[in-house]
Number of protein chains: 2
Amino acid sequence: MKIATWNVNSLNVRQPQVMEWLMNEQPDVLALQELKLEQDKFPLAALQMMGWNAVWSGQKTYNGVALISRHELTDVQTGLPQMPNDPQRRVIVATVNGVRVINVYCVNGEALDSPKFAYKREWFAALTHFVRDELARYADLVLLGDFNIAPTDEDVYDPKKWHEQIHCSSEERSWFKNLLDLGLTDGLRHANPIGKFYTWWDYRGAMFEKGLGLRIDHILVSDNLIDKLQQVVVDTHTRANERPSDHAPVHADFQI
Amino acid sequence: MKIATWNVNSLNVRQPQVMEWLMNEQPDVLALQELKLEQDKFPLAALQMMGWNAVWSGQKTYNGVALISRHELTDVQTGLPQMPNDPQRRVIVATVNGVRVINVYCVNGEALDSPKFAYKREWFAALTHFVRDELARYADLVLLGDFNIAPTDEDVYDPKKWHEQIHCSSEERSWFKNLLDLGLTDGLRHANPIGKFYTWWDYRGAMFEKGLGLRIDHILVSDNLIDKLQQVVVDTHTRANERPSDHAPVHADFQI
DNA sequence: GAAACCCTCG
DNA sequence: CGAGGGTTTC
């Protein structure tokens with residue numbers, strides 16, 4: 001079973017690239033973030049034409065998440081029950097092939113002294129409570145998406161420059177660890193304990209060409225599933241497309 | 001001698017099309033309107049690379065005119081002396097091969113009850129005085145560009161709909177006739193006394209595909225030069241380009 | 001740097 | 001509809 005995540009930064013713009021990637025990679029589930037389109041603008045017909053099912057939660061301009069699969073997507077849920085009044089569409093959950101898949105587009109936070117950082121803090125607290133409850137119900141669970149957190153300095157091209165900056169602060173890293181402590185494992189680090197892996201490169205300053213990025217897109221795997229994890233791959237060659245997303249897809253392959 | 005006019009609606013966007021058109025058509029002069037770029041953003045180097053000279057008068061966002069030629073452009077002048085404080089870059093004049101070429105991007109006017117229509121009235125009065133003075137000095141003269149006036153109902157796809165509307169009002173047509181009365185002839189109508197010829201089609205509503213346009217781009221020829229006029233052509237196939245201007249080029253060929 | 005919005009203009 | 005400008009977000 002292959003489970004993938006990709007922040008596409010506008011599905012309108014990246015739709016052809018997503019179609020091509022689906023047909024080439026044939027994942028069992030693809031989790032998308034930053035659709036940046038309204039709920040009724042999702043290209044369901046185009047996906048169905050190619051044999052894919054999808055569930056999504058969209059909003060105009062910002063955020064928006066989707067799950068795409070050839071299999072049935074059941075027990076679909078959107079949003080965090082702990083934040084019932086949050087208008088931002090950042091979470092969609094479904095069960096596929098017996099695996100609970102939680103797709104998140106976590107809050108960016110802008111800067112440690114920004115009001116958006118306080119929102120990020122509240123949002124991660126709500127996510128942690130939600131995932132704890134889900135793990136109690138579903139032993140086979142994957143939490144994946146754009147976390148907007150680089151878990152360690154090994155995940156940052158220039159740790160000095162990013163020291164206690166947004167995505168890299170010790171407080172954000174403690175939130176990430178809180179998630180792992182629920183009974184989840186960082187899939188990429190489980191498969192590749194050392195080495196530099198980036199999933200996001202700033203559009204500005206030709207950072208991709210210079211090999212300078214952050215690892216902020218993650219696939220976290222529940223204890224019950226971790227022994228079945230075979231490999232985790234960052235698909236960097238999509239970043240060499242004509243109009244690339246600033247994020248690359250990441251996929252995890254399981255022997256189920 | 002081939003003299004051409006083209007409202008390009010952004011030279012930034014249309015630069016490749018202008019280059020291609022110059023190389024295919026090899027005009028002696030090409031007059032451009034609606035450059036929509038600042039004075040120091042004109043692509044002179046690219047033109048010189050291909051062996052062309054140019055003079056231009058640019059401004060940010062709006063208006064802007066240029067004259068491009070393989071020959072020397074002398075006695076260059078910009079603006080109307082009768083409107084010395086007008087910041088809008090709508091006029092550039094030069095002598096090429098002994099012919100005085102006046103390139104104009106005339107005021108649109110928006111609607112008959114708009115303040116912009118009053119500006120159009122003043123601007124045409126100033127233009128008429130300027131052209132009268134130029135004709136006194138230069139017997140061989142061509143006044144060309146985007147006039148934003150369809151001279152007769154024959155130049156309009158739906159004269160009823162456009163009756164006394166902007167571009168087609170009797171007052172605007174009287175301004176156009178005032179120019180002719182200075183000793184100028186409408187080149188296209190001289191060469192083609194009857195028949196529908198359009199030079200502009202609204203982007204909205206697929207008007208080009210429906211064949212519905214206006215003839216508002218003109219080449220007016222001085223009495224001394226009119227007997228040498230061989231043909232006038234509207235180059236409609238540029239409107240079938242990938243990202244076309246809403247105007248087509250018009251060119252006049254002289255036996256000089 | 002790239003995307004989406006709303007605005008003005010033609 | 002298509003262009004440019006200014007704004008916000010990441």
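We name chains A, B, ... by the order of the sequence lines, and we start the count at 1 in each one.
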With a 4.0 Å cut-off (strictly under) to non-hydrogen atoms of chain A, the first and last hit nts on DNA chain D, 5' to 3', are D:dT9 to D:dC10
The salt bridge (charged side-chain N to carboxylate O under 4.0 Å, His left out) partners of B:Lys41 (sequence neighbours excluded) come to B:Glu38
Sorted by chain and number, sequence neighbours left out, side-chain contact (heavy atoms from CB on, under 4.5 Å) with A:Ser169 holds for A:Leu112, A:Phe117, A:Glu164, A:Glu171, A:Glu172
Interatomic distance, CG@A:Leu35 vs OH@A:Tyr62, rounded to 0.5 Å, equals 15.0 Å
Residue pairs meeting salt bridge (charged side-chain N to carboxylate O under 4.0 Å, His left out), one or both in residues 103-118 of chain A, sequence neighbours left out, come to A:Glu110-A:Lys116
A:Glu242 atom CD is separated from C:dG1 atom C1', nearest whole Å, by 16 Å
By salt bridge (charged side-chain N to carboxylate O under 4.0 Å, His left out), A:Asp235 pairs with (sequence neighbours left out) none
Applying side-chain contact (heavy atoms from CB on, under 4.5 Å) to B:Ala248 and not counting sequence neighbours gives B:Trp201, B:Val234, B:Thr238
B:Lys161 meets the side-chain contact (heavy atoms from CB on, under 4.5 Å) criterion, sequence neighbours left out, with B:Tyr157, B:Asp158
So, with a heavy-atom separation below 4.0 Å from DNA chain D, the residues of residues 4-19 of chain A are none
Which protein N or O atoms sit under 3.5 Å from an N or O of nucleotides 6-10 of chain C?
from   : atom 1 : to       : atom 2 : distance (Å)
C:dC6  : OP1    : A:Lys60  : NZ     : 3.4
C:dG10 : O6     : B:Arg204 : NH1    : 3.3

Salt bridge (charged side-chain N to carboxylate O under 4.0 Å, His left out) filter on B:Arg89, not counting sequence neighbours, yields none
B:His163 meets the side-chain contact (heavy atoms from CB on, under 4.5 Å) criterion, sequence neighbours left out, with none
Residue set satisfying ring-ring contact (aromatic ring centres under 6.0 Å, His included) with B:Phe147, at least two apart, ordered chain then number -> B:Phe176, B:His218
Comparing nearest nucleotides in DNA chain C, the 5'-proximal residue of the pair A:Thr61, A:Gly205 is A:Gly205
